[in-house]
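Below, chain A is the first sequence line, B the second, and so on; all start at residue 1.
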Amino acid sequence: MGNWIILLLLLLSSVIPSVIIFFLDQRREFLRNFLNITGIFFKLLLVSYLLYGLHLGLEFRLEYEIFEGINFSLRADRLSMLFVTLSSVLWLFTTIYAIAYLQKSLNKSLFFGFFSLCVSATVGLALAGNLFTFFIFYELLTLTTFSLILHERTHDAKQAAITYLKYTVFGGTSFLLGLVLLYSLNLPHTFVSGGYLQYAQHLSDIQAWLIFIILLLGVGVKAALFGLHGWLPKAMAAPAPVSALLHAVAVVKAGAFGIIRIVYDIYGIQLASSLGLLVFLAAIAAMTIIYGSIKALGQTNLKKRLAYSTVSQVSYIALGVALYGPLGTIGGIVHLVHQGVMKITLFFCAGAFAKTAGVSTIDQTDGLGKTMPLSALAFSIGAFGMIGLPPFAGFVSKYYLSLGALANDSLALLCVLGASALLNGAYFLPIVYRMWFLPPKTKVVAAKSIFLYLPALLSALLTVVLGLFALGDFSALTWVKQIAESEYGS
Amino acid sequence: MSLRICGVVLFFLPPLLFALLAPEGFSFVADKLFLGMHFHLSANAKIFITFTSLIYLAAALYSVFSVTTKVKRYWLLFALTYFGNYMLFLSADAISFYLFFSLMSFAVFGLIMHDQSSSARRAAVVYIVFAFVGEILLFLGIMQTIFHYDSTLFADFGSNLPLFAQLCLLLGFGIKTGVFVLHMWLPLAHSAAPGPVSAVLSGVMLKTGVFGWIVFLPLAHGHDQLGLILTLLGFLGIFGGLYGLGRPTLKQILAYSSLSQMGYLVMFFGLILQNPQLYTEAALFAVCFFCFFHALSKASLFLFADILLHGGKTLLTLVLSTVALLLLSGFAFSSGAVAKDMLKSFIDHDFLAILFAAGSFVTALLGARFFFLALQLPRGKNTPAVWIPASLLGFALVLAPVYGLAYEFSLLHFIPAVTAAALFGWLYKTQTQLPVLPEGDILTLFTQRK
């Protein structure tokens, strides 16, 4: 069990501040922010150390046997570190943003306490070395995000939180059932590149399918797959930092990450393909992609439009997973990073628009290019990235996904990507047009805080960099290519 | 003002110098940038960037005089459009091409919208819908192309492509070229945009579609059915331009004239697709030369039109416009005749050759309409800006000799222009009014009229 202390520290770096913050008085603003930022920086330091250690070939594992055959396991491999890095960096941005956004809000200690616990849960499930550990952190994520959705205590917030709970409890139960069925098989249950289910004796196809569907129902809630996505638009009642969090980093990505782990590290791509599971997943993903985009078109509320856009875009990841071959895999996993960065930009801006200019609906976005040019610029970059225009990050994902679709002889899926891009343009371009070419409708009602648009600009910059320098040594794409290599054993 | 001119020359002259002086075969690779960007100056590309930089320089100089509102935004978008437009000709791989093509297509939206009048808004929105759909079609076509050849480099292209890819590429680039039926954005955009932008649109941007066809399509293989459809659409385009006779504004007449002229190229490509043995370097050169010629003449005409519409109607402007119009319709002793004849020389079907020649009538008629409409404008004053389109016209006049092409005399070259002049002269004398047709030809079938 090598170097387990680092992993533990990584988790504690946000748990400890969280616990302290819970007991802090509301007015101890400075101390709270200090604890938060320190925790994050410490976390980032540990992440860098882990990355460097991995590069040197060190092993980072923590295993603790709870019962026979059931381990609590944490492990830092390339895939987990991808998600951990993404979470930590975007968390830093979101915390800065949240501090500025919630200046006049109440119950800040509760908020930031749960906020930090949320990070821990996300990092925990990213590092999880088996499905059992993943499940523990997955449910912890549900609990912590529940409180965050509820934060403003308005009627809408309460409704949203209740809906969220209904969906996620259903998902959690399904997940638990699937977990039990899986663990009833006599196998060592650690995530392995290439999967381990192919070594299961006496596993009929029907059983494999059943477990897959049940598990998919479990992770599909958070991943907002078609039919299980209902909580997401409602959750827009939460304050913008929470929406940014949910839709870029924590919840939806956790669901998508779960799908990735299940297909690649439990079933293995070969088994999944031969069982026909990939076709099933591809169909659901395609349906979600189109459905989400169509619903987004009909929304007049800005955040709701972004919510449905998320429903659509997260399924790009599922689609990538469902496309057999390194190209599809690369496209799907790299979109985990790219979509996170782009979406968080959009939500940061939406929140800034709401706070600074009282903008909540699409037709109020007129003229924001004049009143809030930097935020409008960041939003435009995010929007162009979402549509998949070059040279932004979104194009790189779409490029690999398209090649993956063609590698699987599916002109239909290629057209799904094309149709989705068309729809994305239909609901994003009018907003960009309004911002830059129409006279402003709303006036600036609150002082512009730099911390409200700086995070958006940084993530917009990342969107550009991840696209323009996609072939660089430290880009997400290069990283993901290595992950794909190990999955396909090439 | 002179500072602005200096700035414009400083920024817009170097690309022209590069176009003129850089050696053919010049290559540059930035393989760690984006998804790997390759650049190459082919013989055809050289022709394209030469007229591109000439026209953008002219348009930029003209803009210094004519653009007075929202100046910063105009120049930013103008620069971005130019950058995209120029670099796509130099691209040696499909992804870089797509990047610059998209940049150009989106940036020009703001230019079309420039004066923010309701007609400008409408034109820009119609444009972007078409352009965006074109973008998506191109994306689909390009992705299948890349997958099929297992490479993004144009050098690896050439063997036959699946139908889906060819169709997407034809349609996607066809929208930009103004292929009939996909052209609906063209007349609106050309007339609503400011003068220099129309010049650039008609002169250069339309040609990017043609260039796209050249580099992407497996022309050596051809495709019978697609070729037939394209020939038909080209034919419809050439004669569809007649709709412009029913439009009462100078710029719209020019737009329909462009539609007609691009129809020649569309039909030519259709013929090549049907008869791939026609696909030779000479044929390609004919296309490029035609593009060069048309770009110069059209751009100068749009600038003249802009001058005429803004109180510049003088004898000088009228005479210069007439020369340009004659040039365009392939009048005797002109580069226009050389360009048209060169294209026609590749057609051995007598029927098609006649159609081709008949197309000159359309151009001549539209030209005559332009002239007589311009005559009716109120008298104005000479402006120094008139030397900008005049220089473009000058270049157009000497284009054939510069490329070492000889002019072959034929009485036929006189006929279209003379007939059209006579016809319109008679209409003018008898004070007959031509019917005014609604703006937007086919588009009006789809949109509700208020």
Side-chain angles (χ1 to χ4, degrees), chain A residues 325 327 331 369-370 380 383-384 387-393 395-426 428-430 432-433 436-439 464-475 477-478, chain B residues 30-37 70 73 76-77 84 88 91 94-103 105-106 109-116 120-121 124-125 128-129 131-152 162-165 167-168 172:
Chain A
L327 293 164
K370 199 177 240 142
S380 307
F384 285 133
I387 299 173
L389 293 173
F392 303 112
F395 178 81
V396 176
S397 322
K398 243 180 44 167
Y399 177 78
Y400 280 95
L401 285 173
S402 307
L403 288 178
L406 288 167
N408 279 277
D409 277 328
S410 181
L411 208 57
L413 285 176
L414 178 69
C415 291
V416 164
L417 287 169
S420 173
L422 202 65
L423 291 166
N424 268 278
F428 275 126
L429 288 177
V432 176
Y433 166 73
W436 297 102
F437 292 98
L438 290 182
V464 176
V465 166
L466 285 172
L468 215 47
F469 299 106
L471 294 179
D473 288 329
F474 299 104
S475 73
L477 181 66
T478 312
Chain B
D31 59 354
K32 283 289 194 185
L33 198 59
F34 193 33
L35 289 169
M37 301 183 82
K70 294 224 174 327
R73 184 175 88 184
L76 175 66
L77 292 174
L88 68 87
S91 299
I95 299 295
S96 306
F97 184 95
Y98 186 67
L99 165 63
F100 293 116
F101 191 85
S102 312
L103 175 62
S105 304
F106 279 96
F109 170 82
L111 291 176
I112 297 176
M113 258 277 282
H114 183 76
D115 59 5
Q116 310 222 211
R121 265 187 240 273
V125 168
I128 201 70
V129 168
F132 187 61
V133 170
E135 285 291 308
I136 303 295
L137 284 170
L138 283 178
F139 177 75
L140 294 176
I142 290 177
M143 288 318 298
Q144 191 171 42
T145 306
I146 292 177
F147 182 75
H148 181 84
Y149 293 126
D150 200 21
S151 162
T152 58
L163 177 64
F164 179 77
L167 196 59
C168 288

Chi angles and distances behind the side-chain contact (heavy atoms from CB on, under 4.5 Å) call for B:M113, A:W436: CA-CA 11 Å; B:M113 258 277 282; A:W436 297 102; over 6 Å; no

As a quick check of understanding, evaluate side-chain contact (heavy atoms from CB on, under 4.5 Å) for A:Y399 and B:T152, giving each step before the final call. CA-CA 12 Å; A:Y399 177 78; B:T152 58; 3.4 Å; yes

In sequence, state the C-alpha distance, the side-chain angles, and the governing distance for A:F469 and B:F34, and then conclude on ring-ring contact (aromatic ring centres under 6.0 Å, His included). CA-CA 5 Å; A:F469 299 106; B:F34 193 33; over 10 Å; no

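Only the side chain of A:L477 comes within less than 4.5 Å of a heavy atom of chain B; its backbone N, CA, C and O stay farther away. Neither the backbone nor the side chain of B:S105 comes within contact range of chain A; no heavy atoms are under 4.5 Å apart. Proximity to chain B involves both the backbone and the side chain of A:A407, based on heavy atoms less than 4.5 angstrom apart. Interface remark: B:V133 contributes backbone and side-chain atoms alike to the contact with chain A (heavy atom separation under 4.5 Å). In this structure, chain A has no heavy atom under 4.5 Å from any part of B:I142.
How far CE of B:M143 is from CG of A:L403: 3.5 Å, rounded to the nearest 0.5 Å. A:S402 contributes atom OG, which lies 7.5 Å from atom CG of B:L140 (distance to the nearest 0.5 angstrom). Between atom CG of residue B:L35 and atom CG of residue A:L471 there is a gap of 5.5 Å, rounded to the nearest 0.5 Å.
When the candidates B:M37, B:K70, B:Q116 are compared by the number of heavy-atom contacts under 4.5 Å with chain A, B:Q116 comes out ahead. Residue with the most contacts toward chain B among A:L414, A:L417, A:V396, A:L438: A:L414 (heavy-atom pairs, distance under 4.5 Å). The candidate with the highest count of non-hydrogen atom pairs below 4.5 Å against chain B, out of A:L411, A:L466, A:D473, is A:L411.
Annotation for A:G418 and B:I136: closest pair O-CG2, 3.4 Å, computed over non-hydrogen atoms. When every heavy atom of A:F437 is checked against every heavy atom of B:R121, the shortest pair comes out as O-NH1, 3.8 Å.
Side-chain contact check for B:F132 versus A:I387: some heavy-atom pair is nearer than 4.5 Å. Side-chain contact check for B:F164 versus A:C415: some heavy-atom pair is nearer than 4.5 Å. Using a 4.5 Å cut-off on side-chain heavy atoms (C-beta onward), B:I128 and A:Y433 make no contact.
A cation-pi arrangement, defined by a distance under 6.0 Å to the six-membered ring centre and an angle within 45 degrees of its axis, is present between A:K398 and B:F139.
Using cut-offs of 30° and 60° on the angle between ring planes, the pair B:F106 and A:F384 is perpendicular.
For the pair B:Q144 (side chain) and A:L406 (backbone), a donor-acceptor distance under 3.5 Å is absent.
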